[in-house]
There are 2 protein chains.
Amino acid sequence: MSITHTAPRFTSTLTSQCQSCSLSALCLPIALADEDINRLDQIIERKKPLKKGEVLFRQGQSFDSVYAVRTGTLKTFNITSSGEEQITGFYCPSELLGLSGIDGNVYPVSAKALETTTVCEIPFSHLEDLSAQIPSLKHQIFKVMSRKISDDQQMMVLLGKKNADEKVASFLLNLSNRFKKRGYSATSFRLSMSRGEIGNYLGLAVETVSRVITRFQKNEMIEVDGKEIAIVGLTEMQKLVGVASDCDKIKNI
Amino acid sequence: MSITHTAPRFTSTLTSQCQSCSLSALCLPIALADEDINRLDQIIERKKPLKKGEVLFRQGQSFDSVYAVRTGTLKTFNITSSGEEQITGFYCPSELLGLSGIDGNVYPVSAKALETTTVCEIPFSHLEDLSAQIPSLKHQIFKVMSRKISDDQQMMVLLGKKNADEKVASFLLNLSNRFKKRGYSATSFRLSMSRGEIGNYLGLAVETVSRVITRFQKNEMIEVDGKEIAIVGLTEMQKLVGVASDCDKIKNI
DNA sequence: AACGTTTTCTGACTCAGATCAAGGTTTTAT
DNA sequence: ATAAAACCTTGATCTGAGTCAGAAAACGTT
């Protein structure tokens, strides 16, 4: 696999790419000294863009690197014993994927681009070495993994306890929060995954996802135009999911 | 909270407790030099046993330590906005809990003993310092967290895609594997959690869990006497779950 | 041993969401 | 531009598991 840098590699001797990258505040939300950022920058490879449907890594393949999404979206998935795909996550810009490969030295899932996507590849052995020299970097890695664990546990609650409406609403709010965090609109965005992929991820049939979305539209919680979504009843939606202050538990929708 | 050591603390100057602990091979499946084990041993506090129903840490409480289970079992759970408990995991001897508190500096779940339980408390700041000095320890922590991430993702698949029979079978096989790994019988063990707790964890009603267990008994896959379970049709059960071979390929040692 | 409490089991009934079917729309490839 | 493929929507029907109700068993306490 050949690596094509999206920008001349040598520029990082002057200004590191990480430093000028608009995502660094999310990717590195720690106060790394300039020289440390440069050291991190040195080990990162910018890969050439993946086209929609291309695979970043494959379940069972040996684990070498974690990846930070720069633009686009990916999904991770398993192939179950019965041959169907089971989606385990979607990854938006600034998010890290591949961490589940550390144990076992093999990726336990495959990762595929949902649209044209660029990623930074971070060879894990280098990252581990570097984390030994930069304690705050090590702490940051712990944090990212810890966060992933508690997020996944939230997801388990969602899958186990919530009904179709709550699942879809949680999904939309989760995306909304992720977009907001990276500076995009929290109320108006484009779903890069199909209804089928949403259903697969949420443990729902396509038809159910479609029906729920239609219902939300009729209730004027969202406006939909194909893959474009606008959340117009944010508070109402939060109430549905149960995020809201515990006081208004009694109120109806 | 006062700490009562289960054995005189000073013995660790001669033989570290970790070294003599029967779980060390699981808790520390890395070749730590003796002096490194001793250093780890120094920072670990053995707490007095928790009685059934006692809380180890509480959701929202500030995060200081991770815990290794020595004997007994714990559950972790959230209280949802509607006030019900949602169990997110069960922890058996040699397993580590509390890791999800690193991000956020607060435990995102509560942990409660299901029976009389002893744990080792490992103050995280000390562990982090020590991991800076012992690279293989740092790697081990990464591995444990990574493992947790991929296990949780398996659980997500289970919750999202499987029916009641498959869920209960997966649950029993999962326990079986965990008991086997620590040297106990893989086919005969005691469930320390109630049917209600199993159902809560698997996203099923108590009645459904009970019915499935009864059905498994009739099909001669298991024999049940209250909380005692014997798996008599292991192969059949693995077939039911389907993935067994996949999981083993990736996970087993 | 006797009591209340909690847990487990079983049956009858209901319903949310799956499945089946079919038509409409958007995307992709040529 | 156009055909093929993939995706989305809607309606009708079916079913697995939830809910309700009550009996039986297990457990803890005095």
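Residue numbers begin at 1 in each chain, while the letters A, B, ... track the order of the sequences.
Atom CG in A/L204 sits roughly 14 Å away from atom C1' in C/dT19 (whole-Å rounding). Whole-Å rounding puts the A/K161 NZ to D/dG18 C1' distance at 12 Å. Computed from coordinates, the A/N163 CG to C/dT14 P distance equals 21 Å when rounded to whole Å. In this entry the distance linking CD of A/E228 with P of C/dT27 reads 10 Å, nearest Å. We find that CG of B/N200 is positioned 12 Å from P of D/dG18, with the value rounded to whole Å. One interatomic measurement links the two molecules: CG of A/D165 to C1' of C/dG17, which rounds to 11 Å at whole-angstrom precision. For the pair B/Q217 CD and C/dT10 C1', the computed distance is 14 Å after rounding to whole Å. We find that CD1 of B/I198 is positioned 17 Å from C1' of D/dA17, with the value rounded to whole Å.
Which of C/dC9, D/dT10, C/dG17 sits closest to the side chain of A/A164 comes down to C/dG17. Nearest to the side chain of A/V206, among D/dT9, C/dT28, D/dC7, sits D/dT9. Residue B/A205 places its side chain closer to D/dG18 than to any other of D/dG18, D/dC7, C/dG17. For A/E207, the side-chain atoms get nearest to C/dT19 when compared with the rest of C/dT19, C/dT8, D/dG18. Taking only side-chain atoms of A/R195, from C-beta outward, the nucleotide of D/dC7, C/dC9, D/dT9 with the closest atom is D/dT9. When distances are taken from the side chain of B/R211 to each of D/dA17, D/dG11, C/dT10, the shortest belongs to C/dT10.
Across all strands, A/I213 comes closer than 4.0 Å to no nucleic acid atom at all (heavy-atom distances). If you check every strand for non-hydrogen atoms under 4.0 Å, B/S210 touches a base. Residue A/G199 is out of contact with every strand shown, counting any heavy-atom pair closer than 4.0 Å. Looking at heavy-atom distances under 4.0 Å, A/K52 makes contact with sugar-phosphate atoms alone, never a base. Residue A/G226 is classed as having no contact, given no heavy-atom separation below 4.0 Å to the nucleic acid. Contact annotation for B/K227: backbone-only contact, meaning every heavy-atom pair under 4.0 Å involves sugar-phosphate atoms and none involves a base.
For B/R215 against C/dT10, no side-chain N or O and base N or O form a donor-acceptor pair under 3.5 Å.
The residue among B/T214 and A/K162 whose nearest nucleotide of DNA chain C lies closer to the 5′ end is B/T214. Comparing A/D225 and A/G203 by the nucleotide of DNA chain C whose heavy atom lies nearest to each, the residue mapping closer to the 5' end is A/G203.
Taking side-chain N and O atoms only, B/T208 has a distance below 4.0 Å to OP1 or OP2 of D/dG18.
Proximity of B/Q154 to A/N78: side-chain heavy atoms (C-beta onward) are separated by under 4.5 Å at one or more points. Between A/T117 and A/T71, the closest side-chain pair of non-hydrogen atoms is not below 4.5 Å. Side-chain contact between B/L240 and B/M221 is present, with at least one heavy-atom pair separated by less than 4.5 Å.
Judged by distance alone, the side chain of A/Q59 and the main-chain N or O of A/I79 form a donor-acceptor pair under 3.5 Å.
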*Report the C-alpha separation of A/E115 and A/K51 in whole Å, then their side-chain angles, then the decisive distance to 0.1 Å, and conclude whether the salt bridge (charged side-chain N to carboxylate O under 4.0 Å, His left out) test is met.*
CA-CA 6 Å; A/E115 56 192 322; A/K51 282 200 284 284; over 6 Å; no
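The aromatic rings of B/Y107 and B/Y67 sit tilted relative to each other, their planes meeting at an angle between 30° and 60°.
For residues 158-173 of chain A, the pairs satisfying side-chain hydrogen bond (donor to acceptor under 3.5 Å, both in side chains) are A/K161-B/Q86, A/K162-A/S170, A/D165-A/R215, with sequence neighbours left out.
Under 3.5 Å, the side chains of B/T76 and B/T88 contain a donor-acceptor pair of N or O atoms.
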For residues 188-208 of chain B, which side-chain donor-acceptor pairs fall under 3.5 Å, sequence neighbours excluded?
residue, atom, partner, partner atom, Å
B/S192, OG, B/T73, OG1, 2.9
B/S194, OG, B/G196, N, 3.3
B/S194, OG, B/E197, N, 3.0
B/R195, NH2, B/G226, O, 3.0
B/E197, OE1, B/S194, N, 2.9
B/E197, OE2, B/K75, NZ, 2.9
B/N200, OD1, B/I87, N, 2.8
B/N200, ND2, B/E85, O, 2.7

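In secondary-structure terms, DNA chain C builds stems of at least 3 consecutive Watson-Crick or G-U pairs, each pair having both distances under 3.5 Å, at C:4-22 with D:9-27, C:24-30 with D:1-7.
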